[in-house]
Amino acid sequence: MNKFKYSILSAGIAAMGLMTGACSDSFLDVSSKTESNTENFYKTEGDAWRALLGCYDGWRQISSSPGVGFYVASTVMSDECYGAAGQADPYNYQLIDGFDQSKSPSDQNVYEQDWKVYYAGVYRCNELIAHEEQINWQSEANRSLYMAECHALRALLYFDMVRLWGNIPLFLEPTSENREQADPDEVYAAIVSDLKFAAENIPQGANRSTSDNGRITRYAAESLLARVYLFYTGYYGKDLAGLTKAEVVNYLDDVVANGGYSLVQGFKNLWPAASLVAAEGKNEWDPELSTYAGAANSEFILQQKFTPTQDYNGNNDSNRWQVMMGMRSLNFCPYGKGWGAATVTPAYFNKFGAGDARQSASVINLASEGVTGAADYANSVKDWREFTGYCVKKYSPIAFPDGLNASRPDGSGDFQITNSQDWVIMRYADVLLMVAELGGVPSKTAQAALDDVRARAGLGSIPATFENVMNERALELAFEGHRYWDLLRQGVDKAADAIAATAGPVKNGGIDAAVSYDRSKIIATKGLSQIPVNQIILSNGVLHQNAGWE
């Protein structure tokens, strides 16, 4: 077995452990650490359930394990944020932000851990799918449901990978083969097949209880099919084989008409840092003043779940990359400290118009919110690169008044590794905006869908044109990992122009500086990211680097 094979397979074999850390509020609440292998496993329906948990955990590891983290990277690559981070940090976030190797010439393996973790997750799914027939299923309903969820998880992993890198090996079976990169069309065909399988085999009412929060539902699969369709047809400029616009409209109509979802009242109530208020003089949240809707609310269709139980001994259960979005070494209740990456560009902050409730719910304005008066503020800015005075609020870590990390109620959380806010993968507002973009569905017109989203933000009706809908997506879904892909599906020129337009003044270590972009670098890469050079070397040249990163 050559080294490339091992880099994928060895990570995938970790799936045989299958179990995750303890959790108090989701289906991933398991405590067994029993080790299994393919010789004594995949026999019973209980084994299948444990294997499915392993698949969910494999998906979670893309945000719990060391690496860059897809959702943070997606935010940095867009026009929403600069790379930022600390003065003494490597320039890998600047490389990612500008699609420019010259920003950090020696950083040729920025995404190596992400590459490994993604393929480990795929391997877990492939193992369960490959052993379906040897399992003694007691319930055909459970068989159908578990396998549908597994297929959807594999689709989620591949959709991230094919967008990020474009040209990737495709594994639909648990193999260690040193395989060439597939045509992206093959990868998308597999994604569509997996999500359709999920949509057709998950019953309407399955996985809808609070205890199942985070599991794939029929409506999550249908919504994801629409997202895949819109990205592929936009970026590649052609029809997506196996999925028509008419099918997508029907899928979205099912979500709207039968899913039972609704917009949460008050946009800020979707996000902990925007809606939690500390009780006076206490390290606890005031139940009267705090308005957080919670993770299991009427709007969230799919989230990636975490727990505050992560440690430094390899138990990866938390939202590991949320800390990057925290203010640089600066606590200011309810905002918790972090490493200061992904500072919001002034241009993006100013996209929000007067009266738009989403601006203050999405962005920390350090000046207007009094953060500049904090005792540690000056030292924070001196250690901060590409400081703009604006930070992401939606995914800010949270802290109690005395500065203790609030990921655990007793304040014992580690600010680096126990943040546990869900990444929201799909919410109903996104569905409504896709409905508007596609011209409406039988149960909801395009205009009504757009009006619903804007009304919640405190805004009036505007025509449901493509331009207006895309602008609304930029504001409604800001910093949720969607903006870059929305730009890219309109063309790499569109993405490059938007990113380059955010160039402007910042402070590096408290000193006036400026961020600049080389538009041609973004164009040369076609908006795709760097494949880890180590993986190319380990493949003995079977893998090839993406254009613009050679």
Side-chain angles (χ1 to χ4, degrees), residues 23-26 63-64 69 71-72 75 81 213 264 266-297 300 303-310 317-344 358-366 368-371 373-377 380 390-424 478-481:
C23 170
S24 60
D25 64 352
S26 83
S63 300
S64 293
Y71 303 111
V72 175
T75 303
C81 295
N213 183 243
V264 164
F267 185 80
K268 71 181 180 65
N269 300 331
L270 293 168
W271 318 105
S275 57
L276 292 174
V277 179
E280 187 174 355
K282 297 180 180 179
N283 270 1
E284 60 186 52
W285 305 118
D286 189 314
E288 299 297 327
L289 299 178
S290 298
T291 56
Y292 178 44
N297 62 62
F300 289 174
Q303 306 109 276
Q304 194 173 60
K305 304 297 294 183
F306 305 95
T307 80
T309 59
Q310 185 152 322
D317 303 320
S318 78
N319 185 337
R320 180 65 180 83
W321 294 104
Q322 186 180 357
V323 68
M324 296 306 297
M325 292 189 178
M327 296 185 294
R328 182 78 184 175
S329 304
L330 181 61
N331 289 311
F332 191 85
C333 182
Y335 315 130
K337 67 182 177 182
W339 295 127
T343 51
V344 177
R358 295 170 298 196
Q359 185 186 62
S360 62
S362 303
V363 183
I364 303 171
N365 182 337
L366 277 68
S368 67
E369 296 190 43
V371 183
D376 293 333
Y377 173 75
S380 174
Y390 304 110
C391 292
V392 174
K393 185 179 291 189
K394 285 182 177 179
Y395 286 110
S396 170
I398 53 175
F400 289 125
D402 66 359
L404 290 179
N405 180 272
S407 59
R408 296 174 181 165
D410 64 358
S412 65
D414 182 313
F415 87 97
Q416 291 199 83
I417 65 169
T418 62
N419 296 299
S420 55
Q421 183 180 340
D422 296 347
W423 288 129
V424 182
F479 321 115
E480 297 179 46

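In this structure, a donor-acceptor pair under 3.5 Å is absent between the side chains of Lys268 and Ser360. Looking only at atom types and distance, the side chain of Gln303 has a donor-acceptor partner in the side chain of Asp422 under 3.5 Å away.
Although no hydrogens or angles enter the test, the distance criterion places a donor-acceptor pair under 3.5 Å between the side chain of Ser407 and the main chain of Thr418.
Separation of atoms CD (Glu284) and CZ (Phe400) is listed at 8.0 Å; rounding is to 0.5 Å. The CZ atom of Arg358 sits 15.0 Å away from the NZ atom of Lys393 when rounded to the nearest 0.5 Å. Here the CG-CZ distance, from Asn419 to Phe306, works out to 10.5 Å after rounding to the nearest 0.5 Å. If you take CE on Met324 and CD on Gln416, they are separated by 9.5 Å, rounding to the nearest 0.5 Å. Taking OG from Ser64 and CH2 from Trp321, the interatomic distance works out to 11.0 Å, rounded to the nearest 0.5 Å. Within the model, atoms CG of Asp410 and CG of Asn405 stand 10.5 Å from one another, a figure rounded to the nearest 0.5 Å.
Residues Tyr390 and Leu366 are not in side-chain contact: their nearest non-hydrogen atoms beyond the backbone lie 4.5 Å or more apart. Counting heavy atoms from C-beta on, the side chains of Asn213 and Phe300 never come closer than 4.5 Å. Annotation: side chain of Ser63 is in contact with side chain of Gln304 (closest heavy-atom distance under 4.5 Å). A heavy-atom distance below 4.5 Å is not found between the side chains of Tyr395 and Thr75.
Among all heavy-atom pairs drawn from Pro397 and Gly326, the shortest one is CD-CA, 3.5 Å. Asp402 approaches Asn283 most closely through the heavy-atom pair OD2-ND2, 2.7 Å. Smallest separation of non-hydrogen atoms from Phe332 and Ala374: CD1-CB, 4.0 Å. A pairwise comparison of heavy atoms in Tyr335 and Ala399 identifies O-CB, 3.7 Å as the closest pair. Listed here is the closest heavy atom pair of Gln421 and Lys394: NE2-O, 2.8 Å. Residues Gly336 and Ser396 share a closest heavy-atom pair of N-OG, 4.0 Å.
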Acceptor/donor pairs from residues 270-281 side chains to any protein atom, 3.5 angstrom cut, sequence neighbours excluded:
| unit_1 | atom_1 | unit_2 | atom_2 | d |
| --- | --- | --- | --- | --- |
| Ser275 | OG | Trp271 | O | 2.8 |
| Ser275 | OG | Tyr292 | N | 3.4 |

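In terms of the salt bridge (charged side-chain N to carboxylate O under 4.0 Å, His left out) criterion, residue partners of Arg328 (sequence neighbours excluded) are, by chain and number, Asp89, Asp383.
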Evaluate Cys81 against Val344 for side-chain contact (heavy atoms from CB on, under 4.5 Å), listing each step before the verdict. CA-CA 4 Å; Cys81 295; Val344 177; 4.2 Å; yes

